[in-house]
Asks: 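Here you go, one structure.
Whatever order the structure lists ligands and atoms in, that order sets their numbers, starting from 1. What's counted below: heavy atoms across the whole structure, side chains too, no hydrogens, waters or symmetry copies.
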Amino acid sequence: MRLAIVEDDDEVGDALVEVLTDQGFLAERMRRGADLLIGHRRCDAVILDLGLPDGDGLQVLRQLREVSSVPVVILTARDDERTVVRGLRGGADDYLVKPPRIAELVARLETVTRRAAVAAAGPEATVIITGDVRIDLEMRQVEVGGEPVTLTQKEFELVEALAERPGSAVSRELLMDRIWGDAFMAVSRSLDVHISTLRAKLGRPGLITTIRGFGYRWGQ
Ligand code: CA
C-alpha cells in the first residue's frame, strides 16, 4: 500500500517512514499540505499532521476532500475534542494522537483502506485478478494460468482475505480472527501451515509475501 506521510517534523516523519516501511507500506514523506494536494493520486492512504508549515491540516483536508476520497488518518499532538470532531467531520477517516502506537496505527490504516476498497469496488466486484491468478469470490474458485486450483475452505478464505487488498499488509491477528474466529489463541501455527500449503498450491513465488513480525501481503 502506498502511503503519504504528511509531517513537517523531520524526527517524527523519518521515524514514521522507517517503521511503516518495515511494516510493508510504501511510505512517501511529504512536508507540506500543498505536497499532498498535488501528490494525493500517488497514494492509497494518508497520515496527516495538523500543524503544517503552509497551513492548518484541517484546511488541507477540506481541500483534499473536494477532489479525493483517499483514506486519511489524522495524526497530531492536538487531542482536544473539538479538533478531533472537526477532523472527523472534515472528512478524516480516523484520528490518532501523537505519539502513536505503531500496531494501532497500522490496524487503523488497514481498517480505513479496507472500507475504502469495499466502497470503491461496490457489490459488483466479485473477481480479483493478480497477474495470472484469478479469484472468483462468488463461485469461490481460484485459477492460476487458466488452470483451476483446488483449495480447502480455509485456504480459500485466506486467499480472499489477502487478495481483497492487494499490496496491503494484513496482520496475522486479522487473518486468524477472520478465518478461525480467534485472533490470539493457539491457531497461530495453523496459519503458518495453511500459508505454506497455499503457496505450494498456487505455485507463484512472491505472490504472498511474509511481513516478519506482522503478517502477509498479497501481490506487489
Ligand atoms: Ca507539525
Asks: Taking salt bridge (charged side-chain N to carboxylate O under 4.0 Å, His left out) as the cut-off, I'd like each qualifying pair that reaches into residues 143-153, sequence neighbours left out, listed once.
Replies: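 Passing the test, one end in residues 143-153: no pairs.
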
Asks: Looking at Arg178 and Glu164, is any side-chain nitrogen of the basic one under 4.0 Å from a carboxylate oxygen of the acidic one?
Replies: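 The answer is yes: the pair qualifies as a salt bridge.
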
Asks: With a 4.0 Å cut-off on N to O distance, would you call Asp10 and Arg31 a salt bridge?
Replies: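 Yes, this pair counts.
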
Asks: Check whether the side chains of Trp180 and Ser190 place a donor and an acceptor atom closer than 3.5 Å, and report yes or no.
Replies: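 Absent: no donor and acceptor within the cut-off.
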
Asks: Not counting sequence neighbours, which residues clear ring-ring contact (aromatic ring centres under 6.0 Å, His included) with His40? List them please.
Replies: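 Not a single residue meets the ring-ring contact (aromatic ring centres under 6.0 Å, His included) criterion with His40.
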
Asks: Can you list every pair that meets salt bridge (charged side-chain N to carboxylate O under 4.0 Å, His left out) and has a residue in residues 194-205, with sequence neighbours left out?
Replies: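 For residues 194-205, and leaving out neighbouring residues, the salt bridge (charged side-chain N to carboxylate O under 4.0 Å, His left out) pairs sorted by first residue read Asp132-Arg204, Glu155-Lys201.
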
Asks: I'd like to verify the contacts: list protein N, O or S atoms under a distance of 3.0 Å from the Ca ion (ligand 1).
Replies: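 You should have found Asp8 OD1, Asp49 OD2, Gly51 O.
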
